[in-house]
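Okay, so here's the structure we're looking at.
Computed from a prediction, not measured in an experiment: that's the story for all the values here. For ligands, and for the atoms within them, numbers begin at 1 and follow the listed sequence.
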Amino acid sequence: MNAAVVLVLFSVLVATQAKPDPDVCDVIKVESWNYKYAEKDVEDATWVLNMTVVDQQSAAKCNLGESFGYQKATLWVDDGCRADFKVCYLASSTECSVIRAESWSYKYSEKKVTGAALFISMAVEDRQSEAGCSLDKSFGFYNQNSTVWVDHGCRADFNVCYVRGSTSSTTVNVSSWNYKYATKALPSASCIYSMQVAKQQSAAACTFGKTFGFVANTMWVSDGCRADFSVSYYSA
Ligand SMILES: *[C@@H]1O[C@H](CO)[C@@H](O)[C@H](O)[C@H]1NC(C)=O
Ligand SMILES: *[C@@H]1O[C@H](CO)[C@@H](O)[C@H](O)[C@H]1NC(C)=O
Ligand SMILES: *[C@@H]1O[C@H](CO)[C@@H](O)[C@H](O)[C@H]1NC(C)=O
């Protein structure tokens with residue numbers, strides 16, 4: 001995954017020195033007034049795991065995925081749904097450490113960051129090289145394998161912040177038969193962060209965000225998309 005994309009995804013997180021926390025649940029009110037879309041960030045959450053209605057105040061229906069839902073650490077409502085929701089989430093368990101990475105002779109080099117599941121940020125703390133260090137050009141990170149990299153002569157101490165945990169990848173087939181919406185959950189995952197078509201079985205198109213996608217640890221397909229998907233996920 002591109003470092004910039006991940007930085008945007010995790011820009012809501014505030015990096016703190018903290019030990020991993022267990023799952024937490026809270027009751028949180030989120031309201032769509034005048035049938036408008038509204039969002040609310042869950043403080044201290046890294047990932048929302050699930051969201052269920054405990055007390056609905058609106059006449060308008062609250063249906064998961066249609067008029068309410070969640071994305072990472074943000075809850076949303078729409079179409080007039082107003083309710084108190086029970087929300088379970090992984091508390092922030094981010095950690096920052098200073099890591100030296102060096103590109104000698106302008107060569108590419110990598111370093112594994114043990115225990116890092118998802119990188120949040122990487123910034124130059126102290127540059128030792130003449131050569132500049134520029135994110136995504138001469139340094140960056142891969143969430144797939146908990147690795148930071150440097151290139152083009154960049155040598156520095158970096159302040160690296162990440163969520164502790166482990167990441168894994170697997171291949172799963174998910175099928176939309178008769179053009180129907182279908183889901184499949186990955187029980188071992190806390191959250192999926194990437195899903196790509198590995199081998200398409202359907203004539204119908206598989207387009208990310210349109211005919212397939214994921215929410216938390218559950219993949220979905222629709223409109224006839226059937227495929228084996230490569231899925232990467234995070235487990236706390
Ligand atoms: C929500 O997630 C929490 C934490 O993983 C779990 O204990 C609970 O059973 C889940 N509830 C539902 C309705 O899935
Ligand atoms: C980590 O993943 C990246 C991107 O897929 C790859 O280029 C790199 O060689 C991998 N490094 C290790 C040590 O596995
Ligand atoms: C999907 O995967 C399951 C379990 O691995 C397998 O039994 C099934 O045949 C697969 N279906 C297709 C269409 O590949």
Side-chain angles (χ1 to χ4, degrees), residues 1-13 15 20 46-47 71-72 90 93-129 131-174 184 186 188-200 206-209 212-219 221 225 227-236:
M1 200 187 302
N2 179 295
V5 171
V6 175
L7 283 173
V8 170
L9 288 177
F10 291 94
S11 61
V12 288
L13 288 175
T46 306
W47 301 95
Q71 181 76 32
K72 301 264 162 0
L90 290 173
S93 56
T94 56
E95 192 167 290
C96 299
S97 55
V98 174
I99 293 164
R100 176 165 298 189
E102 300 173 304
S103 157
W104 289 105
S105 309
Y106 296 86
K107 280 195 190 127
Y108 177 87
S109 143
E110 290 180 338
K111 195 165 218 175
K112 188 126 184 140
V113 183
T114 312
L118 289 166
F119 291 104
I120 296 159
S121 65
M122 180 175 179
V124 177
E125 181 115 332
D126 179 22
R127 175 158 60 94
Q128 287 106 31
S129 57
C133 292
S134 156
L135 182 65
D136 282 341
K137 295 203 178 82
S138 54
F139 73 91
F141 51 78
Y142 299 115
N143 276 318
Q144 296 93 312
N145 47 25
S146 308
T147 303
V148 297
W149 60 269
V150 285
D151 204 354
H152 307 299
C154 161
R155 288 181 286 114
D157 288 328
F158 296 92
N159 188 16
V160 181
C161 297
Y162 48 85
V163 177
R164 291 195 68 87
S166 61
T167 52
S168 324
S169 295
T170 185
T171 302
V172 195
N173 65 40
V174 197
K184 188 181 260 186
L186 270 186
S188 55
S190 294
C191 268
I192 294 167
Y193 64 85
S194 129
M195 180 176 179
Q196 285 168 335
V197 177
K199 190 156 178 272
Q200 189 168 330
C206 288
T207 312
F208 183 71
F212 77 91
F214 57 86
V215 179
N217 71 341
T218 303
M219 300 157 280
V221 287
C225 163
D228 290 333
F229 295 95
S230 308
V231 181
S232 299
Y233 59 93
Y234 161 67
S235 309

Which protein non-hydrogen atom lies closest to atom 8 (C) of ligand 2, naming both residue and atom, and how far is it?
-> Glu110 OE2, 3.0 Å
Once the angle between the rings of Trp149 and Tyr108 is folded into 0 to 90°, is it parallel (under 30°), tilted (30 to 60°) or perpendicular (over 60°)?
-> parallel
Ser109 and Ser103: side-chain donor and acceptor closer than 3.5 Å?
-> no
Do Val163 and Tyr234 come within less than 4.5 Å of each other through their side chains, counting heavy atoms only?
-> yes
Could you find the nearest protein heavy atom to atom 5 (O) of ligand 2 and give me its residue, atom name and distance?
-> Gln144 NE2, 3.9 Å
Looking at NZ of Lys184 and OG1 of Thr218, how far apart are the two atoms once the value is rounded to the nearest 0.5 Å?
-> 12.0 Å
Of all protein heavy atoms, the one nearest atom 14 (O) of ligand 2 is Asn145 ND2, 3.1 Å
